[in-house]
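Every heavy atom of this structure was used, including side-chain atoms; hydrogens, water molecules and symmetry mates were not. Source: prediction; values computed, not measured.
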Protein chains: 2
Amino acid sequence: MDAAEFRKRGHEMVDYIANYYETMRERPVMSEVSPGYLRPLIPAEAPAEGESWESIVADVERVIMPGVTHWQHPRFHAYFPGGSSFPSILGDMLSDAIACVGFNWVCSPACTELETVVLDWLGRAVGLPDAFLAQHRNGENGHGGGVIQGTASEAVLVCMLAARAKAINELRAAQTAQGVQPEDEGIIMARLIAYGSESTHACIEKAARVSGVRFRAITTGADHRLVAANLTQAIAEDRAAGLIPFFVCSTSGTTSTCAYDDHVGLGAICNAEKIWLHIDAAYAGAAYVCPEFRSTMAGVESADSLLDLVQRHLLISAFNITPEYLRNAMSESGLVTDYRNWQVPLGRRFRSLKLWFVLRSYGIAGLQAHIRKAVGLASRFDALVRKDDRFEVVYPTTLSLVCFRLKGDNELSSKLLEAVSAAKLLLMIHTVVKGVYILRFSIGAPQTTEADIDSAWAHIASLATGILANHAAAIPSA
Amino acid sequence: MDAAEFRKRGHEMVDYIANYYETMRERPVMSEVSPGYLRPLIPAEAPAEGESWESIVADVERVIMPGVTHWQHPRFHAYFPGGSSFPSILGDMLSDAIACVGFNWVCSPACTELETVVLDWLGRAVGLPDAFLAQHRNGENGHGGGVIQGTASEAVLVCMLAARAKAINELRAAQTAQGVQPEDEGIIMARLIAYGSESTHACIEKAARVSGVRFRAITTGADHRLVAANLTQAIAEDRAAGLIPFFVCSTSGTTSTCAYDDHVGLGAICNAEKIWLHIDAAYAGAAYVCPEFRSTMAGVESADSLLDLVQRHLLISAFNITPEYLRNAMSESGLVTDYRNWQVPLGRRFRSLKLWFVLRSYGIAGLQAHIRKAVGLASRFDALVRKDDRFEVVYPTTLSLVCFRLKGDNELSSKLLEAVSAAKLLLMIHTVVKGVYILRFSIGAPQTTEADIDSAWAHIASLATGILANHAAAIPSA
């Protein structure tokens, strides 16, 4: 394909994408294929000779779309919203075209420098303290700064690895100072323990497993929050058992119920005990662009890392390995940032273009409007649930996730979800918290309207009527 | 931005990209900006209100392009080629538009199933044995299969973590069988050691650091290959010191010099000693699409992992953590693949669309032609170097990397690279192997022609004349 053909095919692809969004509402939100559906639809090996573009593109509707669950669909209420937009697609197109591999500053300076500045934009937009920024609000250079990781899971892993290196180095330094032979890293690692709550995202436990350290899920208090007293108790027990607490994850908006851990209380403990505090704001973080939702940010100044990072030298010392073929005058000068030392992989794409396009195209006001619209729709859904006394809202609805259930046995709500899934009109999932089965209704697709919310609720309420009738019929009369 | 505006802006972006490729040759290959160039060019924070698309796009040439080193440029000869193409850009556009998060099969079945099949296509295209495929060539289901990781570094990390889990589990099982209380995982981990050669990519040492295990770089033999005798000696020494060898990385095409480790010899040792053999073919792997380059694949059947994976259950057992909100009937049934258990992150994009588009658009013949063209150009450059008796080719040129230097002191070649960099006509980098300073000339951009190679050589040879004249003048006469 030469540039001339790319012009033609690129225009067609843009039109296909525009059309996909314009008509998405007409597609079923959830794929209905069975496992193994795809293999029989395409050949067992790559073609010997190149195929026509028409035949490739025709297979998108034939092979791919039947197997797609549409995360941008107005009736997608599962998990959390996926977050795509036209400006972000355009930014990624440019990133793919430039196709640089920005592991070092010198590989493409714009790739590094735009990321540094745009993450400062983001940090300021959500109201983070100067300590998290590469350049403070008064123009001074700071010791903070951010990096865009591939996923939130990698962000957590990278922070945990930095915390692990810090804990090991500090203990060995203390042993040396006491005139004791410092222990091997591996021996120390075997005693390190990281904490989160029962509701902390699974990526924290996975990061601990990758890092080769222990993980303990601490019981939560009211509204499923991790509170100071429970952390204090866990630390005391583990220290008594010879373990070394080194990392606490405090979450703003858990995946199950959008619970908020007590950053202030946990932060005070972490700072006193010299434990790394990481705040996971993968969900609620976006909402902090609206000042009215920032009360749950309190305590953020105690954190060593958020999604951005406070103490970048700790991260770099955990990762820096410089073979000869990566040496260059700019890196040696110390004047530049080499992001490869801020992450697990060497390679990295020009990711910040996407964020830059989105922030500029929408402006802070546009992002706020997007968040407020979703929160407003959740509030509308919350009110509908509360008006129906067969249901209960299980946790306070603070952002755009509503946690609700049919009053009574878990089985009722579980059957209701089965009925919703079978009816295929909308997509939602469940969770189980402290033995209670909960339905999660998450809102965030740009195309979702008030009418969608009202009809989703009418649909759910009507299915509930059937479930409850069957249930009543199944109970033998007394 | 609504769909109608996206149509317009998308067409413009496609045209910009086509034009970027058509006129790339006129741009300097290497960015000439100084550290910190970008921050003064844009505001210190995101705009309060959305900006016009025209103003955003205008900044691409004003702010971004001056800081871009063009990896797709016909005179880019640094590192290894970045590998982009128009069909891959189109595939990524579609992936961005669908914007699903494919951590579980049920999230978007096409995202998982296309990846499984297309990685079988790739495995067959490069001649891998059936053991690496999800479906064997005779149609039977296999125990292998691949996953597209974010980067080659993550692929290595994931394999090392699987190897770590396997080694720990086997040792604990053996201890239990002997009636001994099995040791704690951390205590075992502290004794695990991974191997590569002095020339193994830095990502292996980084993976070992992340995994919390030791790493030893073993001295290489002739042509900078890692050979069996040296591995045997290292294993014996380390076992004597109480360590547990568990992972060997054998490379097809090292970054410094495109050396090939002895997969056959190393594989025999690994199989006998029950050590995980990982073959890193991040560079040479692509060339295996051409049968004539496959002689260096010999021994691949001994590997536990390549970029694809042989023993997928080992990988999955190392990563599987399933919280309630990720439970679903399909995953519980065991009928489907959940790729989140094959990788560090939870989230994953619809990455296989890109590969599918590329494989179909070019066909095997098109990919072979691309590889053969680059290898032919390297052979042409190699011949030019050999005709000039001031120079030597340091390692045999097998693919599209030529390793050469000025005969004599390292300083001569180092000064030559400085002169090449200062002249800015083309971009190349150096390496140092066993104390010898080497110039690396790597070829792979689709637009590079024979005329580019000839003029690059004429340019380098002419700069060398100046360097040698200065050097001769600086030596006092005897």
For B:Asp2, all residues meeting salt bridge (Lys or Arg N to Asp or Glu O under 4.0 Å), sequence neighbours excluded: none

Atom group of A:Phe6 that falls short of 4.5 Å from chain B, counting heavy atoms: both

Residue B:Gln135 versus chain A: region with a heavy atom under 4.5 Å: both

For B:Tyr16, is it the side chain, the backbone, both, or neither that has a heavy atom closer than 4.5 Å to a heavy atom of chain A? side chain

When the ring planes of A:Tyr21 and A:Phe86 are compared, do they come out parallel, tilted or perpendicular, using 30° and 60° as the limits? perpendicular

Tested for side chain to side chain contact (heavy atoms under 4.5 Å, CB included) against B:Leu353, the lone hit among B:Leu90, B:Ile98, B:Val118, B:Asp92 is B:Ile98

Applying a strict 4.5 Å limit to non-hydrogen atoms, the region of A:Arg137 in contact with chain B is neither

Which atoms of A:Arg124 are under 4.5 Å from chain B, going by heavy atoms: the side chain, the backbone, both sets, or neither? side chain

Side chain, backbone, both or neither: which part of B:Pro66 has a heavy atom under 4.5 Å from chain A? neither

Toward chain B, the part of A:Ile188 with a non-hydrogen atom under 4.5 Å: neither

So for B:Glu185, is it side chain, backbone, both, or neither that comes closer than 4.5 Å to the heavy atoms of chain A? neither

So OG of A:Ser421 and NE2 of A:His430: to nearest 0.5 Å the spacing works out to 10.5 Å

Given a strict heavy-atom distance threshold of 4.5 Å, which part of A:Ala46 is in contact with chain B: side chain, backbone, both, or neither? both

If I measure from the heavy atoms of chain A, does B:Phe357 come under 4.5 Å with its side chain, its backbone, both, or neither? both

Counting heavy-atom pairs under 4.5 angstrom with chain A, the leader among B:Gly363, B:Cys100, B:Gly186, B:Gly139 is B:Gly363

Per-residue contact mode, B:Ser31 against chain A (heavy atom under 4.5 angstrom): side chain

Could you look at A:Asp15 and say if it's the side chain, the backbone, both or neither that has a heavy atom under 4.5 Å from chain B? both

What part of B:Arg191 gets within 4.5 angstrom of chain A, counting heavy atoms only: side chain, backbone, both, or neither? neither

Please classify the contact between B:Ser34 and chain A as side chain, backbone, both or neither, with a heavy-atom cut-off of under 4.5 Å. backbone

So which part of A:Met93 gets closer than 4.5 Å to some heavy atom of chain B, the side chain, the backbone, both or neither? both

